[in-house]
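Read the structure below first, then the notes.
Numbers restart at 1 for each chain; the letters A, B, ... are given by sequence-line order, proteins then strands.
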Amino acid sequence: MVDFSLSPEAESLRDMARKFARTEMAPHAAECDRTPRFPEEIYRKAHELGLMNLNVPTELGGSGLSLFEQCLLVEELAYACGGMTTSIIANCLALEPLLLGGTEEQKQRFLAPFCASYHLASFCLTEPSGGSDAGALRTRARADGQGYVLDGEKCFITNAPHASLYTVFASLDPALRHKGICAFVVPRDAEGVTTGKDEEKMGHRASSTSTVRFDSVRVPASDRLGAEGDGFGLAMRTLDQTRTPIGALATGIAQAALDHAAAYALKRESFGKPIAQHQAIQIKLANMAQQVHASRLLTWHAAWTIDHGARGTLESSIAKCFASDAALHVADEAVQTFGGYGYMKEYPVEKLLRDAKLTQIYEGANEIQRTVIARELLRGYS
Amino acid sequence: MEIVVAVKPVPEAEARLRASADGSGLETDGVKFVLAGYDESAIEQALLLKEAHPPSTVQVLSLGPAARCEEVLRAALALGCDRATLVEAAPSGPLADPMGVARGLAAALRGKKFDLLLVGKQAGDDEEGVVGSALAQLLGVGYAGFVTDLRFDAASGHFRFRRTVERGTELWEAPVPLLVGLQQAWNDPRTAKLPAILRSRKQPIERFDAASALEAAARSLGAAFALPAPRTGAKLLDYRSPQEAAEKLVRALREEAKVFP
Amino acid sequence: MSPTVLLVVEHLDGVPAPATLEAAGLGKALASPQGRLVVLAAGSSARKAAEALAAVGAGSARLAEEPAWDLCPPSALGSLVAATARAEGAEVVLIGGTCFGRDLLGGAAAAWEAAAAAGVTEASWEDGGLVVRRPVFGGRATETRRLEGGRAIVALRPHAFPPLDTTAASFEASPSPPSGAAPASTLRRTGFEPGASSAGPSLSDAAIVVSGGRGLRSPENFGLVEELAAALGAAVGASRAVTDAGWRPGTLQVGQTGKTVTPQLYVAVGISGAIQHLVGMVGSRVIVAINNDPSAPIFRVADYGIVGDLFEILPALTAEVRKARAG
């Protein structure tokens, strides 16, 4: 039978994340957004408490959580600050190719020391010339007998300026399209690796984003993940795992927006009564609540599906796409509920609107998600 | 050093409080119970002493309804306590007779060797703060409450500590065994790490039956529980200048509220 | 009814603590019309303390004048209180709910095999038994308890009762030492440091508290809060944001992880009113909030609110308070 209740174990994990989010993250969210500032002290603490490498097995020093458990935590963190959450969970994305495609030797060599203390990793797939068309990578990997030489540029790379490890996708030959792509693990201190300036972003400003350049970077063959040509599949399987937590992240932002809007509506008066007693506002809040609730359930369902061994491409795409659209809408309605105050930086809701926007774009733009959903859907009819 | 910490589950700060159906106490159905803040501080103190004076063990005790106590005991294990004991007693709510709680804990601890017994200064819910000093009397050990800066001098076998009272800070020393009620807000309780939380779910919890210890001739019984009429919110002062706001407030405090010094 | 009420005196060199005078007022009410109010004082200046109580209406006194009591922790008085209560045949023992009273309450109740209640703000006889009322959950609810069994010991919340009126006076001076308890404790006091903020009252003791929060924006600006507190003769408190940021020490923190205060007047400046703060101050009698955010939760629990820029309001308020107190 289906069971929607949380086990005591899951509840205690959620409570722990909630406490961290509300006491460590929330008090600094506005300041890190405004400045903007990359709050390394908070990320260090997140690592120390086991909130960072959630998907890495405990034997390798991670937290070894199921996807469902990860989603519970991510929603709580995002409730306090979407940007910080993006930086905290970036390791999960960057390390997933290693977990999926790495040999035991590679996992021991890279993950054990990485997880033992505070380190950041970045997932280097997107390029200036295109993100959604992942088959058309321009970063080249030339085999030279002893290994490979990487040349190219990646962009919009989360945590890149602070990371010590990159998982990099590069093409042996662009003519081969998907079949020519390889995945590599590249340490930050490899010769020829440089990062660009911190991008000035609309939201998620507590997170750090930059380009990463590879200029004749030598990578030994032992640092390639899987066989030559396995890279594209590895990237797609990685995104199948990490898409669902983006649904959770969006749900957290949406829940925060709803909570702010409802609290304000009970307090703020117009025409002699709290605006929560006006039907126009009640309808708004009711619609927002539906969106938040549906986002959470879709996310839980996708995570449950994947935890039960299915690939879950359809479910995770639906969750990510729906929850991120919902987050933008709910945050927008929260700003509207606040009226003029909502547009002011002194109040928390305009930040939620800016933070929500990114969830529609990153880890597979919603246009791509819809393409995927349609493809998976039509497969069932043909 | 053998350290014991007695902890109490209290409703979380955000809990919505309601009276029970018969009106005599708090409705606990649907209320989430957590470790009291003062108790977190006591556990932190115990763990700091354990780390400073190996080999030491920290045992944590909680008396009350099993499900509720089990959760706070697991939280204590996740923080690093070594053993947990659930002192089972007749159904007793969060506002139970504090003397009954003290007798139940005393029954569980009588004859057991310990060097230090810590309690939070007062539980976050009912603020009795009675249990610590009653427990000390029942077990025949020295007691001080409102304690900060507790240290153990292994050479002399003495504890040294401060006691913050209304007019200043007293310095004290005492030999083992000692029972201490801690003043919060001076240590920064650690947060349980995620793997430790998962591990704590599988650790055993010992049980002690203390039902018979709770009965006594003199007792304190909850008779009624009332929530104040919800505050209607502040009377917001209208003003055109800061001076006018200040004048209006002072006048209101003096003439209406009658609290102006 | 003719109950015997025993009042445990807290004193400093023979001067009774304000909380003891408050307890004396209630003791007299509970003992009237035909009961007795007996005071118990310990220490080398116990007689002076008892006499001060007599001047405000206590009937008779039990004194434990050995200097050794001066050195004992409050918890060591538990057996003395129990022995005296037995000797006097007391039904009720009253203590001011200070650090002294709270430290001896449970031990005395255990030794006397009595029912105990702390933080009490109302007490009366109902159907021959003592019924007490007290705020719980940081003032978010009120609990009524029946103390059964004919032996009850009660610690009163500071400031909840008016001190005994000094006009009444009749002293049946028959001090005699109680038997059955000797000053003994394994605890030894080695020193005393007067409160750091010896200029003002301490936070948990003060009748007025002025607290500042994140809205002050910097440790320097927090001085505005301290100036208002000085003008009001108030203690200074702070929200967790302030103490976490290190602007002021953690001992000033009011709230769930700090102190719970219940003054007559609480002024919250630049504090939004997170639940963690509210549980530490919502039991205050009158609450004033000054904040620029009209939707801040603090306004929901406040009696008076000023929505505005605290950097303008605070100096004006401090000046107005000084003017009003001078006039």
Side-chain angles (χ1 to χ4, degrees), chain B residues 13-14 17 37 95 98-99 102 124-134 136-138 142-146 165-175 184-186 217-228 231 233-237 242-243 245-247 249-250 252 257 259 261, chain C residues 73 75 78 98-99 102-103 105-107 109-111 114-119 136-137 140-149 151 185-195 202 205 233 250 253 256-258 264-265 275 279 286 289 299-302 304-306 312-313 316-317 320 324:
Chain B
E14 296 82 359
L17 303 176
L95 301 170
M99 295 304 294
D125 56 354
D126 60 5
E127 296 166 24
E128 285 277 11
V130 174
V131 171
S133 67
Q137 181 81 27
L138 294 169
Y143 174 76
F146 305 93
V165 298
E166 285 81 3
R167 55 196 184 86
T169 304
E170 301 169 351
L171 311 178
W172 291 84
E173 64 171 41
Q184 205 181 21
W186 68 278
R219 53 193 182 151
S220 157
L221 294 177
F225 185 84
L227 298 165
R231 292 204 185 222
K235 178 174 170 185
L236 297 181
L237 304 180
Q243 287 69 29
E247 283 163 22
L249 180 61
V250 167
V259 288
Chain C
S75 57
T98 56
C99 295
R102 302 295 287 253
D103 257 17
L105 177 67
V136 289
F137 300 109
R140 287 189 293 154
T142 308
E143 189 203 24
T144 306
R145 298 188 85 94
R146 285 190 71 83
L147 303 181
E148 295 190 340
R151 292 192 300 274
S185 174
T186 58
L187 279 67
R188 198 169 68 84
R189 196 163 112 180
T190 57
F192 180 75
E193 296 166 358
S202 79
D205 210 21
Q253 189 193 330
Q256 190 184 16
T257 53
Q264 294 290 305
L265 173 61
I275 185 75
V279 298
V286 175
F299 287 117
R300 258 175 263 163
V301 302
Y304 298 99
I306 297 178
E312 292 178 358
I313 303 288
L317 185 56
E320 183 64 22

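Listed here is the closest heavy atom pair of Ser133(B) and Gly107(C): OG-N, 3.1 Å. Contact record, Val286(C) with Ala257(B): CG2-CB, 3.9 Å, taken as the closest heavy-atom pair. Nearest heavy-atom pair, Gly142(B) versus Leu187(C), reported as atom, atom and distance to 0.1 Å: CA-CD1, 3.7 Å.
Of the residues considered (Pro73(C), Gly149(C), Ala109(C)), Pro73(C) shows the highest number of contacts with chain B, using heavy-atom pairs under 4.5 Å. Of the listed residues (Asp103(C), Thr142(C), Leu147(C)), the one with the most heavy-atom contacts under 4.5 Å to chain B is Asp103(C). Most heavy-atom pairs under 4.5 Å with chain B: of the set Gln264(C), Glu320(C), Arg188(C), this distinction falls to Arg188(C). The candidate from Ala234(B), Ala134(B), Ala252(B) with the greatest count of non-hydrogen atom pairs under 4.5 Å with chain C is Ala234(B). Counting heavy-atom pairs under 4.5 Å between each of Leu138(B), Leu221(B), Val250(B) and chain C puts Leu221(B) at the top. Ranking Ala110(C), Gly78(C), Gly305(C) against chain B, the residue ahead of the rest is Gly305(C), based on heavy-atom pairs under 4.5 Å. If you tally non-hydrogen atom pairs under 4.5 Å between each of Cys99(C), Ala115(C), Ala141(C) and chain B, the highest count goes to Cys99(C). Per-residue counts of heavy-atom pairs under 4.5 Å with chain C were compared for Gly132(B), Ala174(B), Ala136(B); the largest is that of Ala174(B).
In this structure, the portion of Ile275(C) lying under 4.5 Å from any heavy atom of chain B is its side chain and not its backbone. Within the 4.5 angstrom heavy-atom criterion, atoms from both the backbone and the side chain of Ala226(B) approach chain C. Contacts between Leu249(B) and chain C at a heavy-atom distance below 4.5 Å involve the side chain alone, from C-beta outward. Heavy atoms of Leu17(B) lying under 4.5 Å from chain C belong exclusively to its side chain. In this structure, the portions of Ala144(B) lying under 4.5 Å from any heavy atom of chain C include both its backbone and its side chain. Ala111(C) touches chain B through backbone and side chain together, each having a heavy atom under 4.5 Å away. Neither the backbone nor the side chain of Ser185(C) comes within less than 4.5 Å of any heavy atom in chain B.
Among residues two or more places apart in sequence or in another chain, the side chain to side chain contact (heavy atoms under 4.5 Å, CB included) test is passed with Glu170(B) by Arg163(B), Val165(B), Trp172(B), Arg189(C), Phe192(C).
At distances below 3.5 Å, at least one donor-acceptor pair connects side-chain atoms of Ser75(C) with backbone N or O atoms of Tyr143(B). When atom types are taken as modelled, the side chain of Arg146(C) and the backbone of Ala223(B) share no donor-acceptor pair closer than 3.5 angstrom.
To the nearest 0.5 angstrom, Leu237(B) atom CG is 5.0 Å from Ile306(C) atom CD1. Atom CD in Gln243(B) sits 9.0 Å away from atom CD in Glu312(C) (nearest 0.5 Å). The distance from atom CE of Met99(B) to atom CG of Leu105(C), rounded to the nearest 0.5 Å, is 8.0 Å.
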